[in-house]
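Here is the naming used below: chain letters follow the sequence lines, and residue numbers restart at 1 for every chain.
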Number of protein chains: 2
Amino acid sequence: MTQRAAHVPALAEAFREHGFAGASVATLCAATGLGKGSLYNFFPGGKEEMAAAVLADLDAWFTACVFEPLRAARAGDPAAVGAMFDAVTAYFRSGRRVCLQGAFALGRERDLFAATIDGYFERWIASLAAALRAAGHGEQAARLAAVEAVAAVQGAIVLSRALADPEVFLQVIERSRARLSAPLA
Amino acid sequence: MTQRAAHVPALAEAFREHGFAGASVATLCAATGLGKGSLYNFFPGGKEEMAAAVLADLDAWFTACVFEPLRAARAGDPAAVGAMFDAVTAYFRSGRRVCLQGAFALGRERDLFAATIDGYFERWIASLAAALRAAGHGEQAARLAAVEAVAAVQGAIVLSRALADPEVFLQVIERSRARLSAPLA
DNA sequence: GTCTATACAGTGATAGAC
DNA sequence: GTCTATCACTGTATAGAC
């Protein structure tokens, strides 16, 4: 079981690079260094089970490293939101790395993993909104600002990859960060 | 030649739904109602040429309906920016429709169509920045605001599809619209 | 558990009848 | 120009030797 988990990061990178439809089993074998037999031994459900394992892994990482710190934000302390921007900037490598949930959302893969993808973004928004409320924003304002900020991160990834310019990612993130740290109206 | 162009919108819709790697020639035949022979007669280069034709078609549409109106914005007239938001909201069907250039940017297709994708977003940003300058923004401020706004549109598409909620698209767009129409600091 | 061998459906693409 | 038939190949998935 822990053997299986050890190969999940390599699968994640392969899916990020090639997409779900574009990643063949041969690709995934090369990425993990395993033969087809071994891969199917760990993931009898094939590609779909591999992608599900990857999404679960990403979910766990974001929950521990992004969502829970946001939830833990104490009243009047705005540092948690800034820490989130630092974490996603590092994680997405300034836009060089793709958000798999976001990429899947744009394609047919969305139907396969609808609940997982929906839950990921919903919890991201909800935890960010909680941190914003702790920082003094009202209920509805916090939710809307959180939606906008998560969209900004996703858009920053798309745009910086399209222009092949990590600087664009940083620009968008910094604007979003400044906006959420700005004094309340 | 006009025969060929007539089938491009159907190909566009197929690529939007299935992605580039996910759209098989059989899929594209079904979408256009043509046999393989006919498709290859129009597009000897296969899928790649079909996608290139689709991107060129989208490029022409955006140039005529979005980029040029932005360029035509006269000094002191902020209506052009608002018209852009209306146009993209209609075009992307409140996030139900995907931006093909954005979706391609996230995957390996980016390498195949790098110049086209880069040019599309670069001209979107540049024309929006021109309209913002016409509305009174400074050079650098206009560029940064344009980058942020285009990213917001892309992020809105990703997020609204992920949550299967067109309302999210509208929320993000309205925030972006309000921000760009706000009085200058 | 790991690999090799294999099954067989589906792929992109071409040739040729009409 | 359009289709059908067919090509060689790659796809996912399984079976079985080790």
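- A salt bridge links Arg97(A) with Glu13(A): the closest approach of a Lys/Arg side-chain nitrogen to an acidic carboxylate oxygen falls below 4.0 angstrom.
- Relative orientation of the Phe42(A) and His7(A) rings is tilted, given thresholds of 30° and 60° on the angle between their planes.
- Ring-plane geometry between Phe62(B) and Tyr91(B) is classed as perpendicular, the angle between the planes exceeding 60 degrees on a 0 to 90 degree scale with a lower cut at 30.
- Residue pairs satisfying the salt bridge (Lys or Arg N to Asp or Glu O under 4.0 Å) criterion with at least one member in residues 54-83 of chain A, sequence neighbours excluded, are listed as follows: Asp59(A)-Arg123(A).
- Between Leu39(A) atom CG and dT12(D) atom C1' there is a gap of 12 Å when expressed in whole angstrom units.
- The CZ-C1' distance, from Phe42(A) to dA13(D), rounds to 17 Å in whole Å.
- Electrostatic pairing of Arg143(B) and Glu122(B) counts as a salt bridge here, judged by a charged N lying under 4.0 Å from a carboxylate O.
- Contact check for Cys29(B) versus Leu34(B): no side-chain heavy atoms found under the 4.5 Å cut-off.
- The phosphate of dG1(C) (OP1 or OP2) has no side-chain N or O of Ser38(A) nearer than 4.0 angstrom.
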Can Leu55(A) and Tyr120(A) be said to form a side chain to side chain contact (heavy atoms under 4.5 Å, CB included), step by step? CA-CA 9 Å; Leu55(A) 290 177; Tyr120(A) 168 80; over 6 Å; no
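- Whole-Å rounding puts the Glu49(A) CD to dT12(D) C1' distance at 14 Å.
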Which nucleotides of nucleotides 4-18 of chain C have their base under 4.0 Å from a protein heavy atom (B), which only their sugar-phosphate (S), and which neither (-), written as one string 5' to 3'? -------SBBB----
Report the C-alpha separation of Ile125(B) and Leu159(A) in whole Å, then their side-chain angles, then the decisive distance to 0.1 Å, and conclude whether the side chain to side chain contact (heavy atoms under 4.5 Å, CB included) test is met. CA-CA 10 Å; Ile125(B) 292 167; Leu159(A) 199 53; 4.2 Å; yes
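- For residues 105-115 of chain B, proximity to DNA chain C is found at no residue, defined as any non-hydrogen atom under 4.0 angstrom from a strand atom.
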